[in-house]
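Report on one structure; see the data block that follows.
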Amino acid sequence: LGYDLTTLGLSLNTQDRKLHRSFGGPWADSPIRAHELDVKVPDEYLTH
Amino acid sequence: PLGRTSMTKEFDLQLAALELACDKATFPLDSEKPRNYLTKMSFPVPSWYGQTAPSTADSLEYYLRLAPDTLFFIFYYMEGTRAQLLAAKALKKLSWRFHTKYLTWFQRHEEPKQITDDYEQGTYVYFDFEKWSQRKKESFTFEYKFLE
Amino acid sequence: YDDQEMTAKVEVIMREWISLCYSPTGQRSPQESLAQMIQLMHEHGVLATDDKITQFFRLCVENCVDISVRVMKSEQIANGLPTNLIRHRCYYTLDAFVKLMALMIRHSDNGQSQNKINLLKKLLNIIVGVLHMDHEVRKTDFNAMPYHRILISLFNEITGPDPLKLLEPIAWSILEAFGQTFFALQPRRMPGFAFAWLDIVGHRNVIGRLLANTGIAETVDSVKTAATYTQLIISHLKFLAPFLRNIQLPKSIAILYKGTLRVLLVILHDFPELLCEFHYVICDTIPPNCVQLRNLILSAFPHEMRLPDPFALNFKQVDTIPEMAVEPKSNLNMATIIPDNIRVPLDEYLANRTPVDFLPRLPTLLQTPNQSGTKYNTTVMNALVLYVGIRAIENLHLRRQRISTLSIAHTSFMDIFQNLAIQLDTEGRYLLFNGIANQLRYPNAHTHYFSCVFLYLFKNSTNDTIQEQITRILFERLVALRPHPWGLLITFIELIKNPTYNFWRYEFTSCAPEIQRLFQNVANTCV
């Protein structure tokens, strides 16, 4: 039942308490990257 | 010293249902907002391609080191994401200004010839996202009501 | 039964809504589109009565699910299409339906917040009902995806940023309604939905809004939302427990367990106070053999606390750490966690050391005839340990004494631990020492007291079996992969470093070459 918890794709050494903001979910092997993370942007930025 | 617990029929049924569900496991996109122009689907790329972003990638400092064209790509092709926000912040720090009517980034080429409360006029460089290149525009009036 | 007429109306209205919702006007002015849809619904009479509304939305959910299941089935047939393309076609319908529900909740009966929350609860109940029926009826054919997407998208829509503050007055009611929905869908009830469920509960937005007060949760009392989230985690661990207890790890359980570790690691990193505060109830759910999982929970310490380096201290210094005299924050009502048939005579004994036959009877009182796989009631055992410890600390404070291996000796409280250690059999002692070791956490009065209990029992037991079993309990937690609780480290280091305990004299430390090597390795690491 032992896992090396440092190999689960979470950067556990970051100081800020924001790991959950880029957490890809229980099955993700790496955090969500900035270009995948939907955030609220000004309407004018929705150029498409 | 505890030994095993006896598995009840209920546990067996739960495990059977779980095994079935495992084959239809969730798909990363199932819980993500759809994005038509830049889907988040991951493609199997050769292992020697960078598989993960540099750990400092999610910071303004990192974006400030990118070339403006890279920032423009991120801004126009990663709409609605944290990357777009960071790219916009970096462009502003590099003294680009976003025109909310033309949806284009402008940068003063020289001191404007005229500045009033409502606009400034002069020669600018702007990024033409259709031709994907920076171009000069002379005697352009940048109305402040369109300055983001 | 469903009348065909209503089914037909649902299809007309859904088709109309989907084309409107994705149109430019629909994107630009959703409220106008909503008004058009409400008008259309009224014309079809689907909002005429409460029952009609329920039937309409139930059929909408079934309709969306059927479309998705059919499209995904086509994926299996026309295998060539990449999954995400097929998925996008499913999302197209599901997201439109979610948008309709979200707009109706957000804009129904302006100002009447109660109507908004009533509508949300009705819709969530309908989704749970259809999902449950589907899960029970379709069985092998059950597909979680449509419900998964509907629930997480509705959660994101409704609990997301609320610039107009439309939902702020009912923010807690909204989060509570979703918490109850996720609890109703917990894996013990719907194992076929377990992966989707953990994906939802472990979603960054669910964690953020229930634990970091983001989105509409800005003004919500985080004590309530943390309790809601903890209840979900506990329900999930109760589902996993029997399989983990028997180390029965088929692929599905292994994947689910690994996903659970990821979610708990994020909680440990960002919200350690939750694990600090609820460690007792969470550890009570974790099977005794899940050493690493339990260590993960017990390793949590308050964010603002700086842990002293356990390797740089000796126990005298440990005694002087200020936090070691401070009771940890907890919301447990200790009086209720022990059954009265034990607590009443226990209180009597702790106060007056009478009746004298209480101690000999105690092991029997801790047994449970019906719990399969173990003859002891671990929940009561854990509760007894914590209860006696808390009362002992209170007593020391009353006598203005510091916690130490001396001050805890020769007290009615220590009688309990000493007598149980002697009277219990191997299994019982294992559970007793587990209950004590579960209190070895970050610097606080419980860690201090129970560390002294272990050291005292080790030093004053005449029977090597007790020393060996204490060592086993500590050792199995130390050889597990990281993380390790601070209190565990300082206790073991003291045991092997301080000659008072004569640790290396005991035969069991050299009972086999590999054990001897292992002890030496751990000792070298610790010392």
Side-chain angles (χ1 to χ4, degrees), chain B residues 1-45 51-53 55-59 76-86 88-89 100-101 103 148, chain C residues 72 82-85 87-88 90-92 95 135 139-145 148-149 151-153 156 187-188 190-196 198-200 203 205 239 241-243 245-248 250-253 255-256 287-289 371-374 376 378 425-431 469:
Chain B
L2 301 179
R4 291 171 175 277
T5 46
S6 51
M7 295 310 271
T8 62
K9 182 150 180 42
E10 186 200 357
F11 291 150
D12 294 337
L13 289 173
Q14 285 182 351
L15 191 52
L18 199 71
E19 287 287 292
L20 275 170
C22 193
D23 298 336
K24 299 176 204 138
T26 65
F27 196 67
L29 286 177
D30 287 347
S31 50
E32 297 300 330
K33 222 189 270 179
R35 201 183 296 154
N36 309 318
Y37 50 89
L38 183 86
T39 60
K40 285 175 250 182
M41 61 192 167
S42 52
F43 278 105
V45 292
Q51 303 293 323
T52 56
S55 58
T56 58
D58 189 12
S59 68
Y76 286 109
Y77 280 86
M78 298 179 182
E79 177 179 298
T81 70
R82 186 167 152 70
Q84 183 187 40
L85 271 187
L86 286 168
K89 277 195 183 121
T100 57
K101 182 180 172 197
L103 305 182
E148 185 229 347
Chain C
M72 282 190 284
T83 309
N84 61 309
L85 207 61
R87 278 316 222 249
H88 268 289
C90 300
Y91 302 160
Y92 192 76
D95 295 355
H135 182 269
K139 288 211 186 300
T140 51
D141 250 1
F142 171 74
N143 193 309
M145 191 282 279
H148 176 197
R149 182 134 186 113
L151 284 166
I152 189 61
S153 302
N156 287 335
R188 279 185 295 171
M190 295 187 215
F193 191 66
F195 290 97
L198 187 62
D199 198 77
I200 291 171
H203 193 277
N205 289 340
F239 170 72
F243 308 107
R245 168 72 187 285
N246 281 352
I247 329 263
Q248 188 183 2
K251 182 182 134 208
S252 59
I253 294 288
I255 293 173
L256 205 55
N289 61 305
Q371 197 165 343
S372 69
T374 172
Y376 290 95
T378 44
D425 61 11
T426 307
E427 177 181 346
R429 220 177 2 248
Y430 179 80
L431 293 170
Q469 205 154 7

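The structure displayed is predicted, hence computed values, not measured ones.
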Check for a donor-acceptor pair, side chain of [X] on one end and backbone N or O of [Y] on the other, with a separation under 3.5 Å.
X        : Y       : answer
C/His148 : B/Thr26 : no
C/Lys139 : B/Ala17 : no
C/Arg188 : B/Gln14 : no

[X], part contacting chain B, at a heavy-atom distance under 4.5 Å:
X        : result
C/Leu151 : neither
C/Thr140 : both
C/Phe195 : both
C/Tyr92  : neither

Can you tell me how far [atom2] of [Y] sits from [atom1] of [X], rounded to the nearest 0.5 angstrom?
X        : Y        : atom1 : atom2 : value
B/Phe11  : C/Asn246 : CZ    : CG    : 9.0 Å
C/Ile200 : B/Ser31  : CD1   : OG    : 8.5 Å
B/Leu29  : C/His88  : CG    : NE2   : 5.5 Å
B/Lys33  : C/Ile152 : NZ    : CD1   : 12.0 Å
C/Ser153 : B/Asp30  : OG    : CG    : 9.5 Å

*So which heavy atom on B/Lys24 is nearest to which on C/Asp141, and how close?*
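Closest heavy-atom pair between B/Lys24 and C/Asp141: NZ-C, 3.8 Å.
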*Which atom of C/Lys251 lies closest to which atom of B/Glu19, heavy atoms considered*: N-OE2, 4.2 Å
_Contacting moiety of B/Leu18, where chain C heavy atoms sit under 4.5 Å_ = both
*With the side chain counted from C-beta on, respond yes when B/Glu32 and C/Asn156 share a heavy-atom pair under 4.5 Å apart, and no when they do not.*
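Result no, sub-4.5 Å side-chain heavy-atom pair not found.
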*In terms of heavy-atom pairs under 4.5 Å, which option from C/Ala196, C/Pro187, C/Pro250 contacts chain B the most?*
C/Pro250
*Picking from B/Ala16, B/Cys22, B/Ala21, which has the most non-hydrogen pairs under 4.5 angstrom with chain C?*
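Max contact count across the listed options: B/Cys22.
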